[in-house]
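Down below is the structure, laid out as structure tokens.
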Amino acid sequence: MDRKRATLIGLVAILLWSTMVGLIRSVSEGLGPVGGAAMIYTISGLLCLVTVGFPDIRRFSTRYLIAGSVLFVSYEIFLALSLGYAATRPQAIEVGMVNYLWPSLTIVFAILFNGQKTNLWVIPGLAISLLGVCWVLGGEQGLHIDEIISNIVSSPLSYALAFAGAFIWAAYCTVTSKFAKGQNGITLFVLLTALSLWVKYALSSQPEMVFSVPVVVKLLMCGVALGFGYASWNIGILHGNVTVLAAVSYFTPVLSAALAATLLNAPLSFAFWQGALMVCAGSLLCWYATRNKA
């Protein structure tokens with residue numbers, strides 16, 4: 001695989017994943033938060049079987065198999081349900097921005113648990129990311145405590161799931177880096193996510209799935225975006241320029257918000273974009289701190 005082509009394919013993965021917030025929310029409005037997520041991950045799992053293939057579990061370390069499965073499944077469920085349970089479409093986009101604390105947290109976890117070398121720039125990087133999320137939650141007035149509290153109280157489960165999910169994904173990345181040893185369990189993990197969601201759907205009271213042409217189209221788009229996104233990222237990481245992919249991935253919050261606002265027809269305030277840029281800037285600063293360790 002040519003390195004430039006592989007890098008381009010990896011960049012396609014970032015674009016595909018940036019559509020997830022808008023598409024997951026759209027599907028959940030028609031099929032319900034749990035039912036919609038179960039359908040999405042079922043389609044994605046089947047696509048992963050075709051594009052990535054099913055892994056040889058016998059080669060997995062026990063730690064990677066157990067911790068990777070639990071963390072991945074938990075994160076994907078938390079993310080999907082946080083978007084589905086949000087009270088409004090703009091709030092779903094805000095919830096998605098809370099989730100994007102994970103790049104900064106991943107670097108912090110790598111420093112704490114994997115011995116990643118860094119410098120003190122990581123501290124203001126994390127602070128700027130947190131400030132950016134607070135700025136987003138503050139509504140049109142930016143950093144406004146009363147507005148932040150009001151926002152969270154209006155949909156506490158949604159924000160709690162997104163915030164917890166950011167920590168869980170950071171932990172997953174740390175575990176993968178430390179214990180995967182070159183193995184890729186994505187297909188298994190996505191299928192386990194689908195199975196877990198179907199179990200929850202069967203054992204709890206859920207709204208009826210209402211299929212319509214727009215919902216089915218977005219369901220297929222979301223499944224394809226997730227399934228092919230993982231396949232494309234795998235190619236980019238294995239054969240492309242990892243430094244370029246890592247740097248560009250930190251701009252995903254802004255791209256994701258822009259695409260979600262378009263898909264959901266939900267205009268966002270200037271203060272939201274200010275906060276989104278802060279989240280990106282903070283993540284980039286954390287990344288820079290690990291690249292310049294002196």
Side-chain angles (χ1 to χ4, degrees), residues 9 12-54 72-73 75-97 99 155 157-158 161-162 165 186-234 252 255-268:
I9 292 173
V12 169
I14 295 173
L15 178 62
L16 290 172
W17 286 335
S18 296
T19 65
M20 295 303 297
V21 170
L23 290 175
I24 289 176
R25 173 65 187 193
S26 296
V27 173
S28 70
E29 290 178 352
L31 306 182
V34 178
M39 290 292 294
I40 289 169
Y41 285 96
T42 299
I43 293 173
S44 299
L46 294 175
L47 281 172
C48 284
L49 278 174
V50 175
T51 57
V52 180
F54 196 81
F72 184 96
V73 171
Y75 169 74
E76 296 294 346
I77 291 176
F78 279 29
L79 173 61
L81 296 187
S82 69
L83 298 172
Y85 287 144
T88 64
R89 289 181 168 185
Q91 191 176 78
I93 302 175
E94 291 181 3
V95 166
M97 193 58 60
N99 170 70
S155 193
L157 179 59
S158 188
L161 288 172
I186 287 299
T187 302
L188 171 65
F189 298 160
V190 173
L191 290 172
L192 285 175
T193 303
L195 177 62
S196 301
L197 285 163
W198 282 120
V199 170
K200 179 173 175 56
Y201 183 82
L203 297 180
S204 58
S205 177
Q206 300 295 331
E208 181 184 357
M209 293 189 190
V210 180
F211 289 92
S212 63
V213 173
V215 169
V216 171
V217 169
K218 288 177 179 176
L219 170 62
L220 294 175
M221 288 173 62
C222 194
V224 168
L226 189 59
F228 281 121
Y230 283 123
S232 301
W233 185 253
N234 193 47
T252 307
L255 181 59
S256 176
L259 291 174
T262 302
L263 286 166
L264 298 174
N265 192 26
L268 301 169

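Taking every heavy atom of both residues into account, Gly30 and Val215 meet most closely at CA-CG2, 4.0 Å. Nearest approach of Ser196 to Val73, heavy atoms of both residues: OG-CG1, 3.6 Å. Nearest heavy-atom pair across Leu47 and Gly227 is CB-CA, 4.2 Å. Between Ala92 and Val21, the shortest heavy-atom contact is O-CG1, 4.1 Å. Residue Gly223 comes nearest to Ser44 through the heavy atom pair O-OG, 3.2 Å, listed as atom of the first residue, atom of the second, then distance. Ala13 approaches Gly229 most closely through the heavy-atom pair CB-O, 3.2 Å.
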Worksheet item: Passes side chain to side chain contact (heavy atoms under 4.5 Å, CB included), Val52 versus Phe228? Steps please.
Response: CA-CA 9 Å; Val52 180; Phe228 281 121; over 6 Å; no
Item to complete: Start with the C-alpha distance between Leu23 and Ile40, add both sets of side-chain angles, then the distance that settles side chain to side chain contact (heavy atoms under 4.5 Å, CB included), and finish with yes or no.
Response: CA-CA 10 Å; Leu23 290 175; Ile40 289 169; over 6 Å; no
Practice prompt. Tell me, with the steps shown, if Thr42 and Trp198 meet side chain to side chain donor-acceptor pair (under 3.5 Å).
Written response: CA-CA 9 Å; Thr42 299; Trp198 282 120; 2.8 Å; yes
Worksheet item: What do the steps show when you test Val210 against Glu29 for side chain to side chain contact (heavy atoms under 4.5 Å, CB included), and what is the final call?
Response: CA-CA 9 Å; Val210 180; Glu29 290 178 352; over 6 Å; no
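A distance of 4.5 Å separates CD1 in Ile24 from OH in Tyr41, rounded to the nearest 0.5 Å. Here CD1 of Ile93 is found 4.5 Å from CG of Leu268. Values are rounded to the nearest 0.5 Å. Between the CD1 atom of Ile186 and the CH2 atom of Trp233 there is a distance of 11.5 Å, given to the nearest 0.5 Å. The structure places CZ of Arg25 at 8.0 Å from CG of Leu83, a figure rounded to the nearest 0.5 Å. Here the straight-line distance linking atom CE of Met39 with atom CE of Met209 works out to 6.0 Å at 0.5 Å rounding. The distance from the CD atom of Gln91 to the OG atom of Ser82 is 10.5 Å, given to the nearest 0.5 Å.
Side chain of Ser26 to backbone of Lys218: no donor-acceptor contact under 3.5 angstrom is found. Although no hydrogens or angles enter the test, the distance criterion places no donor-acceptor pair under 3.5 Å between the side chain of Ser232 and the main chain of Val12. In this structure a side-chain-to-backbone donor-acceptor pair under 3.5 Å is present from Arg89 to Leu264. Looking at Thr19, its side chain does come within 3.5 Å of a backbone N or O of Leu16 through a donor-acceptor pair.
Looking at heavy atoms from C-beta onward, Met20 lies in side-chain contact with Cys222 at the 4.5 angstrom threshold. Between Leu81 and Lys200, the closest side-chain pair of non-hydrogen atoms falls below 4.5 Å. A 4.5 Å side-chain heavy-atom check between Ser204 and Val34 finds every atom pair outside the cut-off. Between Leu191 and Phe54, some side-chain heavy-atom pair lies under the 4.5 Å cut-off.
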